[in-house]
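One structure is given below, encoded as structure tokens.
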Amino acid sequence: MKYVDEFRDGDTARHLAERIAAEADPARRYAFMEFCGGHTHAIARYGVASLLPANVRMIHGPGCPVCVLPIGRVDQAIALALQHGAIVCTYGDTMRVPASGGLSLLKAKARGGDIRMVYSAADALKVARQNPAREVVFFAIGFETTTPPTALVLRQAAAEDLANFSVLCCHVLTPAAITHVLNSPEVAQWGTVPLDGFVGPAHVSIVIGSAPYEPFAAAYRKPVVIAGFEPLDMMQAILMLVRQVNDGRAEVENEFVRAVGREGNAAAIAAMAEVFEHRESFEWRGLGTVPDSALRLRPAYARFDAEQRFSLTYQPVPDHKRCECGAILRGVKTPSDCSLFGTVCTPDNPMGSCMVSSEGACAAHYAYGRFKDIPVVAA
């Protein structure tokens, strides 16, 4: 048996499903948000939702880094390539995010922009070393998972005094986003999105640890269980959440003990703290402007800040008027509630960000669940 097989064992999954069904109180309903796009993908791929009783519901959260990237930030990256003549380097999924004027980074590349897909921040630094006569900008996105590599690359660029390298920093922070979701009118005031707890993100928690979730778990009385990405990880986390709700507890528990500790990765946290500081506010796709939820370069690294180097000004841009990505990211709607889903909007022709990344709720539902939306008609 390979190590991963132990976390996909069917008999154990059925046993966990029986425990969840036995312990879930039939007199109440449970709603848990999986914040991370990787969890959304795992739930769809392995059919976890179909193993849960009817009164236990999973709600997609805004934890896909590509999905929450606002159009205005993609527009800035495109402008760097087309108007400033810079070489723009970024991760693959970011290349396909729809931007203004029917463009994306991929389409801007077809119009002559020097836009390159890289697998790491270090690859972007290598491009800068190889092209000393060109400006090279790394379009940096993602949560705390991808932030430490960007910090390390910036420290290296500073050590080499690299004059042609900069970063368009769009790194965002997980705890601030969860707090914003809990403060949203749908959850806090209108009650249209009831939330009883969260499945905490795995990769992010490897970096920051479990401690940063403790303040809002206590303040909002919402339990958090950090879970891995395998189906049995998810089933075990859901069982732990059901038990916390039944007991009236709101604690941070860690199902992913094989990788996550309470304090996180001290070296990664120190690198981030040296290079980055918090922004006062940042626009998230679907969530609007969220205070203290993103990072920018500290003054000591200002010469590597693409926004300052190219005097960029941020301009918010609304989504396509029929796209429901914003509501889906807030848990208000599901992919099948969008009139564009599966017709105009597909993975080959994404209209919204949730269909671009494989971790997006729409892409996951399109790949693994869309046929369940079709009613079965007896012959």
Side-chain angles (χ1 to χ4, degrees), residues 3-8 13 32-52 58-69 91-94 96-97 119-120 141-149 171-175 177-178 181 197-210 212-213 224-238 240-241 252-260 264-265 268 284-287 325 328-331 334-335 347 350 353-369:
Y3 182 67
V4 73
D5 293 337
E6 299 172 356
F7 298 94
R8 299 176 182 178
F32 302 123
M33 174 174 279
E34 83 274 4
F35 181 86
C36 179
H39 287 149
T40 299
H41 181 87
I43 289 170
R45 179 181 181 186
Y46 297 107
V48 170
S50 64
L51 295 173
L52 303 177
M58 301 305 295
I59 299 172
H60 308 308
C64 165
V66 174
C67 300
V68 298
L69 185 64
Y91 299 119
D93 280 354
T94 315
R96 301 173 62 238
V97 177
Y119 291 100
S120 69
I141 74 158
F143 292 88
E144 293 89 339
T145 314
T146 55
T147 306
H171 286 302
V172 289
L173 302 170
T174 302
I178 296 178
V181 168
F198 291 87
V199 178
H203 289 156
V204 166
S205 302
I206 292 173
V207 176
I208 67 174
S210 63
Y213 308 104
V224 178
V225 176
I226 298 164
F229 292 118
E230 295 300 328
L232 295 191
D233 286 321
M234 294 300 304
M235 298 291 291
Q236 179 65 34
I238 294 167
M240 293 165 73
L241 284 168
V252 178
E253 295 183 316
N254 182 14
E255 184 276 340
F256 200 31
V257 291
R258 61 188 186 276
V260 173
N265 184 319
W284 292 53
R285 202 167 196 162
L287 300 185
C325 279
I328 293 168
L329 288 168
R330 298 194 307 275
T334 64
S353 57
C354 293
M355 190 62 90
V356 173
S357 168
S358 61
E359 292 187 357
C362 292
H365 189 64
Y366 186 90
Y368 302 112

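Just so it is clear, the model here is predicted, and its values are computed rather than measured.
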Taking atom [atom1] of [X] and atom [atom2] of [Y], what is their separation to the nearest 0.5 Å?
X: Cys64; Y: Asp93; atom1: SG; atom2: CG; result: 7.5 Å
X: Ile178; Y: Phe35; atom1: CD1; atom2: CZ; result: 5.0 Å
X: Thr174; Y: His203; atom1: OG1; atom2: NE2; result: 12.5 Å
X: His60; Y: Thr334; atom1: NE2; atom2: OG1; result: 7.0 Å
X: Glu253; Y: Met240; atom1: CD; atom2: CE; result: 4.0 Å
X: Thr146; Y: Tyr91; atom1: OG1; atom2: OH; result: 5.5 Å

Practice item. Could you verify whether a donor N or O on one side chain and an acceptor N or O on the other, from Tyr213 and Ser205, lie under 3.5 Å apart? Key: yes
Considering all heavy atoms, the nearest [X]-[Y] contact:
X: Met235; Y: Leu51; value: CE-CB, 4.0 Å
X: Pro347; Y: Pro350; value: O-CD, 3.6 Å
X: Gly209; Y: Pro212; value: O-CD, 3.5 Å
X: Val199; Y: Ala227; value: CG1-CB, 3.7 Å
X: Val48; Y: Ala42; value: CG2-O, 4.2 Å
X: Thr94; Y: Ile141; value: OG1-CD1, 3.4 Å

Sequence neighbours left out, what passes side chain to side chain donor-acceptor pair (under 3.5 Å) with [X]? Give chain and number order.
X: Ser353; value: none
X: Thr147; value: His171
X: Asn254; value: none

[X] vs [Y] side-chain heavy atoms within contact, under 4.5 Å:
X: Pro148; Y: Val207; result: yes
X: Glu144; Y: Leu173; result: yes
X: Val181; Y: Met33; result: yes
X: Ile206; Y: Asn265; result: no
X: Met58; Y: Ile238; result: yes
X: Pro175; Y: Ile208; result: yes
X: Val68; Y: Leu287; result: no

Study note, to complete from the structure: Contacts of Glu230 meeting salt bridge (Lys or Arg N to Asp or Glu O under 4.0 Å) (sequence neighbours excluded), chain-then-number -> Arg8
Sequence neighbours left out, cut at 3.5 Å: what donor-acceptor pairs do the side chains of residues 358-367 make with other protein atoms?
unit_1 : atom_1 : unit_2 : atom_2 : d
His365 : NE2    : Asp373 : OD1    : 3.4
His365 : NE2    : Asp373 : OD2    : 2.9

Exercise for review: Give a yes or no on whether the backbone of Gly286 and the side-chain of Arg330 come within a donor-acceptor separation of less than 3.5 Å.
Suggested key: yes
Practice item. Using the side-chain contact (heavy atoms from CB on, under 4.5 Å) rule, take Glu255 and Leu241 through it: C-alpha gap first, then chi angles, then the decisive distance, then the call. Key: CA-CA 11 Å; Glu255 184 276 340; Leu241 284 168; over 6 Å; no
Practice item. Check side-chain contact (heavy atoms from CB on, under 4.5 Å) between Cys36 and all other residues, then give those that pass, not counting sequence neighbours. Key: His39, Pro201, Phe229
